[in-house]
Amino acid sequence: MTRAWVEVDLGALRRNGAALAARAGVPLVPMVKADGYGIGGLRAALALDSLNPWGYGVATVTEGDELRRGGITRPIIVFTPILRTEIDALRRADLTPALGDPAVIESWVRTGRPWQLQVDTGMSRAGMPWHQVGEHRALFERAAPQGVFTHFHSAQLDDGSRDVQERRFAEVLAALPQRPFMVHCENGPAVERRSPSPWTVVRPGIFLYGVPGFEGGAIRPEPVASLRARIVELRTVADGETVSYDATWKAVGPRRIATVPVGYADGYRRGLSNRGSALVGGVRVPVAGRVTMDMTMFDVTGTDAALGDLVTLLGEDAGDVITVGELAQASDISPYEILTGLRLRLPRRYRDAVAGGRA
Ligand SMILES: *Cc1c(COP(=O)(O)O)cnc(C)c1O
């Protein structure tokens, strides 16, 4: 019997993708980088393939290669800048780089293969600075990019920065010798905020995996990932006894303590010590004391929790739900880190609501 695992609802993933594509009105380029935000990159891509996405987005050549070996034949864009020494590996796996450095572009265009021009309009992370695109017009005349794109740094906020970035991006489009076949800007939160898309594809990530970019958006994703485990020990501690390292939790009266075999080495963050909660039979139970590397204790006083019972640390149980957002807030990190932090020590269990489940 599995002691702890991550459950992945591929049907929910697909419905999230369909909802986002309907809102955007253009095809998706689902971001399946970082092993599909922790839920499984290849499994995510296979599940989303029936939505007819234009292609997929990854961060590294290795991630793209894994998709190719898994049978993905659509275009795959590598969004993190590549080194010139990686060009051969990209060619071999038939991957499309997102380029911003003129020297790397010069090297790549000799392959005669498609590439995308990454433009920095304010994120200052990757891509050619928007005001430099005009200087390289001759290069783009010789070797036109298949696509041009930028990335919003604060699409989840309503702070006006997106409009600034869009104006810069419009300058880029005007500076190019011709409008590329693909023009794209929007991550998931950008599509949640504005619809339909004025460009040719959208690049959602976190929304697909069940996390809204902000509260109160026009569409809400269904949860995709759940973290479940079984109670491996139970004890009653007397008044005044403490639980876990550093003795930060002290029993007031006799308390029943359940030990769950999940800790920070599984991605259940130490920041949840004395702050997180889980569901046991639909009842919320608080973390008691420090989360340890391999185990976490919960105060299950007043419940009928028994050895081997299911504990939901993330996800839905009997009508209540622990969301990624809740774990993120309680541990004071971003929802992206919660999802991508679920370690592979937790086996993944996939289920697919589509009868038979192709993925
Ligand atoms: C990760 C990423 C996305 C997806 O962002 P989300 O906030 O997860 O929707 C889109 N575009 C680029 C370039 C990215 O790196």
Side-chain angles (χ1 to χ4, degrees), residues 13 16-17 19-21 23-24 26-39 41 44-45 48 53-61 63-64 67 75-82 95-100 115-128 130 145-158 161-162 165-166 169 172 182-195 197 199-215 217-221 223-225 324-325 328 333-342:
L13 171 74
N16 291 342
L20 209 68
R23 178 164 167 82
V26 297
L28 304 179
V29 176
M31 300 302 289
V32 297
K33 59 191 179 186
D35 199 28
Y37 288 49
I39 70 118
L48 292 166
W54 178 83
Y56 297 97
V58 296
T60 69
V61 177
E63 288 174 353
L67 295 186
I76 298 171
I77 303 174
V78 178
F79 279 94
T80 303
I82 59 157
L95 306 175
T96 305
L99 306 176
W115 61 285
Q116 302 243 337
L117 176 62
Q118 169 146 231
V119 180
D120 171 20
T121 57
M123 172 97 174
S124 309
R125 177 177 71 170
M128 184 175 284
W130 83 97
Q146 172 192 54
V148 58
F149 73 94
T150 194
H151 189 51
F152 298 133
H153 56 74
S154 304
Q156 72 283 4
L157 307 176
D158 198 10
S161 65
R162 174 182 185 158
Q165 288 191 268
E166 285 190 10
F169 191 62
V172 167
M182 279 173 79
V183 179
H184 46 111
C185 301
E186 296 141 289
N187 59 1
V191 180
E192 289 175 76
R193 259 205 201 282
R194 291 190 199 168
S195 127
S197 170
W199 297 291
T200 50
V201 297
V202 294
R203 307 187 306 264
I206 195 93
F207 185 96
L208 301 173
Y209 305 103
V211 182
F214 52 93
E215 284 308 311
I219 48 173
R220 257 199 100 74
V224 171
V324 173
I333 60 168
S334 89
Y336 295 78
E337 284 178 274
I338 294 285
L339 274 183
T340 59
L342 293 172

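We use all heavy atoms of the structure for the numbers below, so side chains are in, but hydrogens, waters and symmetry mates are not. Atoms within each ligand, like the ligands themselves, are counted from 1 in listed order.
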Student: Mind checking what makes side-chain contact (heavy atoms from CB on, under 4.5 Å) contact with E337, not counting sequence neighbours?
Tutor: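 With neighbours one apart ignored, the set is R269, I333, S334.
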
Student: Output, in order, the C-alpha distance, side-chain angles, deciding distance and verdict of side chain to side chain contact (heavy atoms under 4.5 Å, CB included) for R220 and E215.
Tutor: CA-CA 9 Å; R220 257 199 100 74; E215 284 308 311; 3.5 Å; yes

Student: Please report the C-alpha distance between T150 and W130 in whole Å, then the side-chain angles of each, then the deciding distance to 0.1 Å, and finally whether the side chain to side chain contact (heavy atoms under 4.5 Å, CB included) criterion is met.
Tutor: CA-CA 9 Å; T150 194; W130 83 97; over 6 Å; no

Student: For residues 203-212, which residue pairs pass the side chain to side chain donor-acceptor pair (under 3.5 Å) check, not counting sequence neighbours?
Tutor: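 Counting only pairs at least two positions apart or across chains, the side chain to side chain donor-acceptor pair (under 3.5 Å) contacts touching residues 203-212 are H151-R203, H184-R203.
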
Student: Tabulated below should be the N or O atoms of ligand 1 paired with protein N or O atoms at under 3.5 Å; can you produce that?
Tutor:
residue  : atom   : partner : partner atom : Å
ligand 1 : 7 (O)  : Y336    : OH           : 2.6
ligand 1 : 8 (O)  : Y37     : OH           : 2.5
ligand 1 : 8 (O)  : I206    : N            : 2.8
ligand 1 : 9 (O)  : G188    : N            : 2.8
ligand 1 : 9 (O)  : G205    : N            : 2.9
ligand 1 : 11 (N) : H151    : ND1          : 3.4
ligand 1 : 11 (N) : R203    : NE           : 2.9
ligand 1 : 11 (N) : R203    : NH2          : 3.3
ligand 1 : 15 (O) : K33     : NZ           : 2.7
ligand 1 : 15 (O) : R125    : NH2          : 3.4

Student: Check E166 with R194, please: is the shortest side-chain N to carboxylate O separation under 4.0 Å?
Tutor: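 Result for this pair is yes, salt bridge flagged.
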
Student: For Y336, what residues pass the ring pair (Phe, Tyr, Trp, His ring centres under 6.0 Å) criterion, not counting sequence neighbours?
Tutor: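 Scan of Y336 (ring pair (Phe, Tyr, Trp, His ring centres under 6.0 Å), adjacent residues dropped) gives none.
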
